[in-house]
There are 2 protein chains.
Amino acid sequence: MILGKQQRCAPDDVGSNSSSELCATSCNQCIARHVSMCSVLKDSEVSTISEISKCFSLHPKQLVCAEGDQANYLFTIQTGCIRLSKMLSDGRRQIIDFLFPGEFFGLACANGYTCSAETITDVNLCRMPRTQIFEKFIELPVLGQKVLDITRTELQASQDQMLLLGRKSAKEKLCSFLLSMSDKSNPISHVPDGFIYLPMSRSDIADYLGLTIETISRQFTILSKEKIISLEENHYIKIIDEDRMRLIASCA
Amino acid sequence: MILGKQQRCAPDDVGSNSSSELCATSCNQCIARHVSMCSVLKDSEVSTISEISKCFSLHPKQLVCAEGDQANYLFTIQTGCIRLSKMLSDGRRQIIDFLFPGEFFGLACANGYTCSAETITDVNLCRMPRTQIFEKFIELPVLGQKVLDITRTELQASQDQMLLLGRKSAKEKLCSFLLSMSDKSNPISHVPDGFIYLPMSRSDIADYLGLTIETISRQFTILSKEKIISLEENHYIKIIDEDRMRLIASCA
DNA sequence: CGTGCATTTGACCACCTTCAATAAAGGTGG
DNA sequence: CCACCTTTATTGAAGGTGGTCAAATGCACG
C-alpha cells in the first residue's frame, strides 16, 4: 500500500524474482530450532511443521511484507535482523521492534499486517501459512501455549517501550536501547564481551526511540565524551561504564 | 513496592479491610459474561470458572495490584474503569491502558505484575488464580485460543500506541485518544450519541499520552475554540466535527 | 580515486514543559 | 444548605529539550 513501489520478497511471488532465494532447509537442521517457538516441539512434531513451511534467503533492505497487505503468512527469523515499522500518511515512521533469530512476526494482525517488515542484514526466513499454523496450535497444544507465552512477553516489552517513548529523555532512551540490544543481539551474533553490535542505521534507531537522527548522533557523542561508551568501527560500540549506563537507563 | 503505603484491595487480604467488598455473583449472572474471554464458553463450562473465581466491589482510586507484586491473580473487569500504569524511580508515570468491562489484566507478567492497576470509578472485579486459569486453557482449548486472540489484539493496540507516543504531536495525540475512547467506552457506558465519557482525570490522560496536564488542558481549549469539540459538564465532551477530528488523529 | 550515502556537527527555532497564579469542582462538617 | 478546604483544571509567562535546516565530514563501493 504505502510502500507500493518496493517489491515484496517473500510472499506469493517468491522465486519469481531474483531478490529472494528459496533454500531447502529441513526444520531439524534449522539454526533457530532451539530458540524459536519450535523449541517446545519434539523432532517428530517439528517434521509436521516442515511440511507447511518454506525457507528464504534475503538481502539487506528488502521488504518482506507491507503494513496493510493481506496477512497470509507467519514468519520466523533464522538468521539476521529485521525491523518492524508503522507509518503515518505523511511519512513519519515508528519502528516497533527489531527482530533477531528465533523471533517471529505476522501473528498480531487482523486481516492485514499491522506493520511492515524489512530486512536490515542478510536474513534467512521461515514462512508458514497463518491458517495452517493456527491449526497446528490445536493439534499441538504446547505450541499454542508457547506462542501465547511469547506473545505475553512481547506485550510486556511493548509496555516497557511505551514507558520509554512517553516518559524518558533522549539520553535515557538511548541508554535503555543499548542495554536491550546488548541483551537481545549478543547471545546470537558472536560479539566480543563488552561490545554491542548494532546492525541498524542511526535513522532506524531514531525512529525506534521517537527521536531524530541528529539527536541520536549527538547523544552518542555525549555518551562517548562522558566515557560511558566508545564508538568503535561502524555498527559496533564498546561499553566502558555499564553501571553508569544502567543508572541512566533506569532513570536515576 | 513503590506504592507501598497504598493498600491493595483485592488480593489476599480481601474482606479483611473495609475498602473492598466481596460480592457473591455467579458467572451466569455476570454483566461481562458476553464481552469477556468467557464469551466463548458454554454455560456449563462457565460454571467451572465460577468455582475458581471471586468477585469484588471497589471504590474509585483504590490499588488493585502494584507493579512488582507477586502475580497470583488474573482480573477481569465487570463494571467500571481501571488504569494500568508503570512508574520510573523518580515518579514519572506512564499509563499503559485504560480498561473497561470485559477486559482483563494480570496475564502479561513474569513473576511480578508489570503494571500497577488502580480503579478510576467504582469497579466490580472478578479475580481468578493465575495457575488455575492457565490449567483451564488446557482443559478448555477455546478459552486458551480466545485469550491468545485477545492478547494479539492488545499487542496491536500497543503498537498503535507506540506510533502515537513516538511520532504524533500533542494535538494529534489528543484527537486519537478521544476517538479511541469513544470506540472503547461508549458501547458499554450509556452515553448519548456524539458524546464521549471520560472517567479519568486530565493527569491520567497526560500520563497516557506522554504529555503534561497543562498541555492536555491547552489542547482541549484549542479543539474547543476550533469548534471540533465542546466541553460539556465534567467528564463529558461533545464531538462537533468528527471528520476533522479523524483527519487530525490520523495526521493528514 | 571519485561518487553517493550515512553520520556528525553547528546555528537557530518551536513545541512542549516548567513554574506560578487563578479558577472551578468536589467533599466535609457545621 | 452553605462555608470552608482540598483537589483538579485552566491560563499565562518563561525556559529547555529536542527538532529543523544546512553544511561538513567520514565511509563504503565501484
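Labels below follow one simple rule: chain letters A, B, ... track the order of the sequence lines, proteins then strands, and each chain is numbered from 1.
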Only pairs under 3.5 Å count here: list side-chain donor-acceptor contacts from residues 119-126 of chain B, not counting sequence neighbours, and write none if there are none.
unit_1   : atom_1 : unit_2  : atom_2 : d
B/Thr119 : OG1    : B/His59 : O      : 2.6
B/Thr119 : OG1    : B/Lys61 : N      : 3.0
B/Thr119 : OG1    : B/Gln62 : N      : 2.7
B/Thr119 : OG1    : B/Gln62 : O      : 3.4
B/Thr121 : OG1    : B/Cys81 : N      : 2.9
B/Asn124 : OD1    : B/Ser57 : OG     : 3.2
B/Asn124 : ND2    : B/Thr79 : OG1    : 2.9

Considering residues at least two apart in sequence or located in another chain, which fulfil the salt bridge (Lys or Arg N to Asp or Glu O under 4.0 Å) criterion with A/Glu214?
none

Do we see a donor-acceptor contact under 3.5 Å between the side chains of A/Thr114 and B/Gln159?
yes

Between B/Gln78 and B/Thr76, does any side-chain donor sit less than 3.5 Å from a side-chain acceptor?
no

Got a sec, which pairs hit ring pair (Phe, Tyr, Trp, His ring centres under 6.0 Å) with one end in residues 155-181 of chain A, sequence neighbours left out?
A/Phe177-A/Tyr208

Quick one: which residue pairs count as a salt bridge (Lys or Arg N to Asp or Glu O under 4.0 Å) with a foot in residues 195-204 of chain B, not counting sequence neighbours?
B/Arg83-B/Asp204, B/Arg93-B/Asp204

N/O contacts under 3.5 Å, protein versus nucleotides 20-25 of chain D?
unit_1 : atom_1 : unit_2   : atom_2 : d
D/dT20 : O4     : A/Arg218 : NH2    : 2.9
D/dC21 : N4     : A/Glu214 : OE2    : 3.1

Five-pair end axes of the helix from C/dC1-D/dG30 to C/dG30-D/dC1, angle between them (10°):
50°

On the ring face of B/Tyr73, is B/Arg127 found with NZ or CZ under 6.0 Å from the centre and within 45° of the axis?
yes

DNA chain D contacts among residues 220-232 of chain A, heavy-atom distance under 4.0 Å:
none

Give me each pair satisfying salt bridge (Lys or Arg N to Asp or Glu O under 4.0 Å) with a member in residues 233-251 of chain A, each pair once, sequence neighbours excluded.
A/Asp241-A/Arg244, A/Glu242-A/Arg246

Within residues 161-171 of chain A, those residues having any heavy atom closer than 4.0 Å to DNA chain D are A/Ser169, A/Ala170

Donor-acceptor pairs under 3.5 Å, side chain of residues 220-228 of chain A to any protein atom, not counting sequence neighbours: which ones?
unit_1   : atom_1 : unit_2   : atom_2 : d
A/Thr221 : OG1    : A/Ser217 : O      : 2.9
A/Glu226 : OE1    : A/Lys171 : NZ     : 2.8
A/Glu226 : OE2    : A/Lys171 : NZ     : 3.0

Any base atoms under 4.0 Å from A/Ser217, or only sugar-phosphate, or nothing? Heavy atoms, all strands.
base

Give one of base, sugar-phosphate or nothing for A/Ile216, where a contact means two heavy atoms less than 4.0 Å apart.
nothing

Give me the first and last nucleotide of DNA chain C, going 5' to 3', that has any atom under 4.0 Å from a heavy atom of chain A.
C/dA6 to C/dA11

Write out a two-atom table: protein N or O, nucleotide N or O from nucleotides 28-30 of chain D, distance below 3.5 Å.
none

Check: B/Tyr236 ring centroid to B/Phe195 ring centroid under 6.0 Å
no

Non-hydrogen side-chain atoms of A/Gln94 and A/Leu88 separated by less than 4.5 Å
no

